[in-house]
**Q** 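If you scroll down you'll find the structure; I have some questions about it.
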Amino acid sequence: MSFGEKLYEGKAKIIYATDDPEVLLTYFKDDATAFNAQKRGQIVDKGKINCAISTELFQRLAAAAIPTHWIDTISDREMRVKALTIIPLEVVVRNLAAGSLCRQTNLPLGQRLDPPLVEFYYKNDDLGDPLLTLDRIHAMALASQEQIATLRRQALKINQLLTDFFMGCGITLVDFKLEFGLDPSQQVILADEISPDTCRLWDQTATDETQRVMDKDRFRQDLGQVEQAYQRVLDRVLAQSPKN
Ligand code: TMP
């Protein structure tokens, strides 16, 4: 498929137009950033791995009646997706305390959160993606109360499906970030990607805290073996695939 006009280049992906205005092409890059792009690097073959993992997970979610932007995957780094109006919110679901939650509270690393937390961050690099309150979302007119309720419901349903799926892979889904958009009929649709870039994934077979990390925290914290960890996630995800 020939690339149309480049519409947007993000930190990990490039979005191109296609001949069809309702369809966009997502290209997965190997570039990795952390801490709002203050740390930059490359993870060899990350684009291919994240494209493959996202493909598998979007298909599973669609089969469970979660509307997603995924149409098909046309090469090892390219996915065709539905053109949506992206809601500028990052929806984070947390099952165990980690990352910014531990930094901003006194919850210890690994503390179970029951029920899971659903948090909304403003998707705005200039402002450093700040944590929002429902009142701030309302004041900023980022989403209606009904849309927020839908985002929360979808995020928790996705959490249940992904937690169960990763459990079958011997992986604990600690937390993850989702993005959603609106289609022309204003339906809320899951967008972006689901990958070790956007999830915290802990290997249940590992014996220590450093070994268990299978996600971008290996890059963020310079733990080494980043590519290998991403590849291990993909291998386990594909081993659960109905096609295998
Ligand atoms: P946090 O603990 O740093 O707030 O991250 C929560 C989850 O969201 C974690 O799984 C990583 C993911 N995440 C992103 O996908 N993109 C981001 O820019 C950030 C900050 C986190």
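In this text the structure is predicted, and so the values were computed from the model without any measurement.
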**Q** What do you reckon, is CG of Asp164 surrounded by more than 12 foreign heavy atoms closer than 6.0 Å?
**A** yes

**Q** Within the distance-only criterion (no hydrogens, no angle test), does the side chain of Arg80 pair as donor or acceptor with the backbone N or O of Asp72 below 3.5 angstrom?
**A**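 Here the side-chain-to-backbone pair does not exist.
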
**Q** Less than 4.5 Å apart, side chain to side chain, heavy atoms only: is that true for Glu209 and Trp202?
**A**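 Sidechains of Trp202 and Glu209: no contact.
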
**Q** Honestly curious: do Phe120 and Leu182 fall in one hydrophobic cluster under the side-chain, below-4.5 Å linking rule?
**A** yes

**Q** Strictly distance-based, threshold 3.5 Å: is any side-chain N or O of Gln231 a donor or acceptor partner for the main-chain N or O of Gln228?
**A** no

**Q** Do you know which two heavy atoms are closest between Ala155 and Phe176, and how far apart they sit?
**A** O-CZ, 4.2 Å

**Q** On a heavy-atom basis, which atom in Val93 and which in Pro116 lie closest, and how many Å separate them?
**A**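 That would be CG1-CB, 4.2 Å.
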
**Q** Side chains of Val118 and Val91, heavy atoms from C-beta outward: is any pair under 4.5 Å?
**A**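 SC-SC contact between Val118 and Val91 confirmed.
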
**Q** Start with the C-alpha gap between Glu5 and Leu7, add the side-chain angles, then the distance that decides, and say whether side chain to side chain contact (heavy atoms under 4.5 Å, CB included) holds.
**A** CA-CA 6 Å; Glu5 184 195 350; Leu7 299 179; 4.1 Å; yes

**Q** Going by an N to O cut-off under 4.0 Å, is there a salt bridge joining Arg236 and Asp203?
**A**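 Yes.
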
**Q** If you define the side chain from C-beta out and look only at heavy atoms, does anything of Leu57 sit under 4.5 Å from Phe165?
**A** yes

**Q** Give, for atom CE of Met214 and atom OG1 of Thr172, the distance between the pair rounded to the nearest 0.5 Å.
**A**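 Nearest 0.5 Å value for the CE-OG1 distance: 10.5 Å.
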
**Q** Taking all atoms of both residues into account, what is the closest heavy-atom pair of Leu24 and Thr18, and its distance?
**A** C-CG2, 3.9 Å

**Q** Can you confirm whether Gln59 sits close enough to Trp70 that some side-chain heavy atom of one is under 4.5 Å from a side-chain heavy atom of the other?
**A** yes

**Q** Looking at Ala12, is its backbone amide N or carbonyl O close enough to the side chain of Asp31 to form a donor-acceptor pair, meaning the two atoms are under 3.5 Å apart?
**A**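 Not at all, since once roles are kept as given, no pair shorter than 3.5 Å links the two residues.
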
**Q** Test of understanding: clusters of I, L, V, M, F, W, Y form through side-chain heavy atoms closer than 4.5 Å, transitively. Do Ile15 and Leu190 belong to the same one?
**A** yes

**Q** Going by heavy atoms in the side chains, are Leu178 and Asp192 under 4.5 Å from each other?
**A** no

**Q** Identify whether Ile49 and Phe58 are in the same connected component of the hydrophobic contact network (ILVMFWY, side-chain heavy atoms under 4.5 Å).
**A**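 In one cluster with Ile49: Phe58, yes.
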
**Q** State the CD1-CG distance between Ile53 and Leu238, to the nearest 0.5 angstrom.
**A** 8.0 Å

**Q** Any luck finding a side-chain donor-acceptor pair between Arg60 and Thr55 under 3.5 Å?
**A**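 Note: Arg60 and Thr55 side chains miss the donor-acceptor criterion.
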
**Q** Can you tell me how far NZ of Lys216 sits from CG of Leu201, rounded to the nearest 0.5 angstrom?
**A**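 With rounding to 0.5 Å, CG (Leu201) is 13.0 Å from NZ (Lys216).
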
**Q** Check for a donor-acceptor pair, side chain of Asn95 on one end and backbone N or O of Leu173 on the other, with a separation under 3.5 Å.
**A**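 Side chain of Asn95 to backbone of Leu173: a pair is present.
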
**Q** Could you check whether any side-chain heavy atom of Tyr16 comes within less than 4.5 Å of a side-chain heavy atom of Glu78, counting everything from C-beta outward?
**A** no

**Q** Before giving the answer on side-chain hydrogen bond (donor to acceptor under 3.5 Å, both in side chains), spell out for Thr33 and Arg220 the whole-Å C-alpha distance, their side-chain angles and the decisive distance to 0.1 Å.
**A** CA-CA 8 Å; Thr33 64; Arg220 294 188 188 99; over 6 Å; no

**Q** For a quick test of reading the model, state the closest non-hydrogen atom pair linking Leu113 to Ala97 and the distance between them.
**A** CD1-N, 3.7 Å

**Q** Please test Ser195 against Asp197 for side-chain hydrogen bond (donor to acceptor under 3.5 Å, both in side chains), starting from the C-alpha separation and ending with a verdict.
**A** CA-CA 5 Å; Ser195 73; Asp197 270 12; 4.8 Å; no

**Q** Following the transitive rule for hydrophobic clusters with a side-chain heavy-atom cut-off under 4.5 Å over Ile, Leu, Val, Met, Phe, Trp and Tyr, establish whether Leu117 and Ile137 coincide in one cluster.
**A**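 In one cluster with Leu117: Ile137, no.
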
**Q** Starting from the C-alpha separation in whole Å, work towards a yes-or-no answer on side-chain hydrogen bond (donor to acceptor under 3.5 Å, both in side chains) for Ser185 and Asp183.
**A** CA-CA 5 Å; Ser185 69; Asp183 71 5; 2.9 Å; yes

**Q** Glu119 versus Leu131: any side-chain heavy-atom pair under 4.5 Å?
**A**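 The answer is yes, as the side chains (C-beta and beyond) meet within the 4.5 Å cut-off.
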
**Q** Should Arg200 and Asp175 count as an ion pair when the cut-off is N to O under 4.0 Å?
**A**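 So Arg200 pairs with Asp175 through a salt bridge.
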
**Q** Charged N to carboxylate O below 4.0 Å: is that the case for Asp222 and Lys39?
**A**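 Result for this pair is yes, salt bridge flagged.
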
**Q** If we count only N and O atoms by modelled type, under 3.5 Å, do the side chains of Asn50 and Ser54 hold a donor and an acceptor together?
**A**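 No donor-acceptor contact under 3.5 Å links the two side chains.
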
**Q** Would you call Asp125-Lys11 a salt bridge at under 4.0 Å N-O?
**A**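 Salt bridge present between Asp125 and Lys11.
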
**Q** Please report the interatomic distance CD1(Ile171) to CD(Gln240), rounded to the nearest 0.5 Å.
**A** 9.0 Å

**Q** Can you tell whether the side chains of Arg232 and Asp235 come within less than 4.0 Å, N to carboxylate O?
**A** no

**Q** For the pair Lys123 and Glu179, evaluate salt bridge (Lys or Arg N to Asp or Glu O under 4.0 Å) and give the outcome as yes or no after the intermediate values.
**A** CA-CA 9 Å; Lys123 189 173 155 59; Glu179 294 181 28; 3.3 Å; yes

**Q** Please name the pair of heavy atoms, one in Phe180 and one in Gln154, separated by the smallest distance, quoted to 0.1 Å.
**A**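 Looking at all heavy atoms of both residues, the closest pair is CE2-CB, 4.0 Å.
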
**Q** Please say which of Lys13, Lys46, Glu9 ends up in a side-chain contact (heavy atoms from CB on, under 4.5 Å) with Lys29.
**A**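 Considering Lys13, Lys46, Glu9, a side-chain contact (heavy atoms from CB on, under 4.5 Å) with Lys29 is found only for Glu9.
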
**Q** Taking C-beta and beyond as the side chain, do Glu22 and Lys82 meet within less than 4.5 Å on heavy atoms?
**A**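 Not in contact.
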
**Q** Using atom types as modelled and distance alone, determine if a side-chain donor or acceptor of Asn124 lies under 3.5 Å from a backbone N or O of Leu127.
**A**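 Side chain of Asn124 to backbone of Leu127, a donor-acceptor pair under 3.5 Å: yes, one is there.
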
**Q** Between Thr150 and Glu146, is there a donor-acceptor pair closer than 3.5 Å when you use the side chain of the first and the backbone of the second?
**A**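 Yes, because the side chain of Thr150 sits within donor-acceptor range (under 3.5 Å) of the backbone of Glu146.
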
**Q** Between the main-chain N or O of Val44 and the side-chain N or O of Glu227, is there a donor-acceptor pair closer than 3.5 Å?
**A**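 Yes; at least one donor-acceptor contact below 3.5 Å.
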
**Q** Main chain of Leu101, side chain of Gln104: is a donor-acceptor contact present, judged purely on distance under 3.5 Å?
**A** no

**Q** Tell me whether Val188 is reachable from Leu161 by hopping between hydrophobic residues (I, L, V, M, F, W, Y) whose side-chain heavy atoms are closer than 4.5 Å.
**A** yes

**Q** Got a second to check how far Arg40's CZ is from Gln38's CD, nearest 0.5 Å?
**A** 10.0 Å

**Q** Restricting to non-hydrogen atoms, name the atom on Cys51 and the atom on Ser75 that form the minimum distance, rounded to 0.1 Å.
**A**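 Closest pair (atom of Cys51, atom of Ser75, distance): SG-O, 4.2 Å.
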
**Q** To the nearest 0.5 Å, what is the distance between CG on Asp114 and CZ on Arg112?
**A** 7.5 Å

